[in-house]
Amino acid sequence: MSRLFISHSSGNNAEAVAIRDWLAGEVLAFDADGSRDVVARVEGLPFSNGEYSGGEVGWLTPFAVLCGIGLCLGYALLGACWLLRKCEDEVRDTARRQIPVLAIGVLAFLVLVFAYALAEHLPILHRWVDRPYLLIFPVTGALAAIVLALSILNHDDYLPFYMVTLIFLSAFGTLALSFWPYMIPFVTTVNQAAAPPSSLMFMFWGGVIVFPLMLLYTVISYGVFRGKVMPTAGHH
């Protein structure tokens, strides 16, 4: 993304560099947050008397670093598919070449995390054995990966983004069902982690009002920026 802003900006490289630096910070922030979330659900976190006792970097393990790399690959894959869907010519072709490599990395990461979770927490394996209908999520992700591969081979510009989105949803669904009802494996349940009922009620009614407005905003935004980005005078 940084290279694209630098090489396809409207001639103002200072602005492009500023955007690049901002993006780098955003990637680091999202990556750290995402790594902590995945590690908390798969490896768990150190607790003592119901309180976190791991310190500021207690979550930082080799598995956390692996999760960070996997999440970066996932963000890059989504971005490449979005550029394929929205751009033409050199940007589109560059994104198309990068998608297979990124997709292989993301799928390998997802398989590794799922296998590690099953090996680390045997009760999860029993849950999947006892409830085979839960396999709907990983099966959906596998089918989406197959369609993604076929769409790239057929030079389809639109399907890859939707298939990668479906892969992400399937992965999160698999992770959530594997550890339900725990937010932190076998330590804190969803009910224990929930806010007080008064706060939940406030957020519920706030969501009833705000969420439809967010949907409307999203629909309008996608409508305004529909179609592909075409080259215009003053841009290169």
Side-chain angles (χ1 to χ4, degrees), residues 1-35 38 65-113 138 140-173 217-236:
M1 287 297 291
S2 300
R3 290 181 180 177
L4 288 170
F5 275 112
I6 292 294
S7 60
H8 295 85
S9 66
S10 57
N12 190 336
N13 283 339
E15 291 184 1
V17 170
I19 294 174
R20 179 200 63 187
D21 294 341
W22 173 80
L23 279 173
E26 290 296 301
V27 168
L28 289 175
F30 280 121
D31 193 42
D33 288 341
S35 297
V38 175
V65 174
L66 173 65
C67 289
I69 295 172
L71 290 171
C72 279
L73 290 175
Y75 295 143
L77 179 59
L78 277 173
C81 291
W82 180 251
L83 291 174
L84 178 66
R85 183 178 184 271
K86 298 296 291 184
C87 298
E88 290 282 3
D89 302 326
E90 182 183 353
V91 176
R92 177 197 60 193
D93 295 339
T94 300
R96 180 178 285 118
R97 288 194 299 269
Q98 293 174 349
I99 287 174
V101 177
L102 293 171
I104 291 173
V106 170
L107 293 175
F109 163 72
L110 292 176
V111 171
L112 183 60
V113 169
T140 300
L143 292 176
I146 294 174
V147 175
L148 171 64
L150 293 176
S151 65
I152 293 299
L153 291 176
N154 294 328
H155 292 271
D156 189 304
D157 290 353
Y158 294 94
L159 270 180
F161 179 75
Y162 297 109
M163 291 301 102
V164 171
T165 302
L166 186 56
I167 290 172
F168 267 72
L169 293 175
S170 301
F172 284 122
Y217 167 80
T218 302
V219 170
I220 293 175
S221 298
Y222 273 80
V224 170
F225 296 104
R226 65 184 177 275
K228 284 183 173 288
V229 178
M230 306 301 294
T232 57
H235 292 72
H236 56 349

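Only this structure's heavy atoms are used, side chains among them; waters, hydrogens and symmetry mates stay out. The first residue of the sequence shown is numbered 1, and numbering continues consecutively from there.
To the nearest 0.5 angstrom, Asp93 atom CG is 12.0 Å from Leu83 atom CG. Here Leu84 contributes atom CG and Asp156 contributes atom CG; the two are 8.0 Å apart, rounded to the nearest 0.5 Å. Here the CG-CG distance, from Leu73 to Leu78, works out to 11.5 Å after rounding to the nearest 0.5 Å. Between atom CG of residue Leu153 and atom CG of residue Leu148 there is a gap of 9.5 Å, rounded to the nearest 0.5 Å.
Between Ala80 and Ala95, the shortest heavy-atom distance links the atoms O-CB, 3.4 Å. Across Phe168 and Tyr75, no two heavy atoms sit closer than the pair CZ-N, 4.5 Å.
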Quick one: side chains of residues 157-165, donor-acceptor pairs under 3.5 Å with protein atoms, not counting sequence neighbours, listed by atom name and distance.
from: Asp157; atom 1: OD1; to: Arg96; atom 2: NH2; distance (Å): 2.3
from: Asp157; atom 1: OD2; to: Lys228; atom 2: NZ; distance (Å): 3.3
from: Tyr162; atom 1: OH; to: Arg85; atom 2: NE; distance (Å): 3.3
from: Tyr162; atom 1: OH; to: Arg85; atom 2: NH2; distance (Å): 2.8
from: Thr165; atom 1: OG1; to: Phe161; atom 2: O; distance (Å): 2.8

Distance-only check: which donor-acceptor pairs under 3.5 Å involve side-chain atoms of residues 99-109, not counting sequence neighbours?
none

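Side-chain contact check for Leu77 versus Ile167: every heavy-atom pair is 4.5 Å or farther apart.
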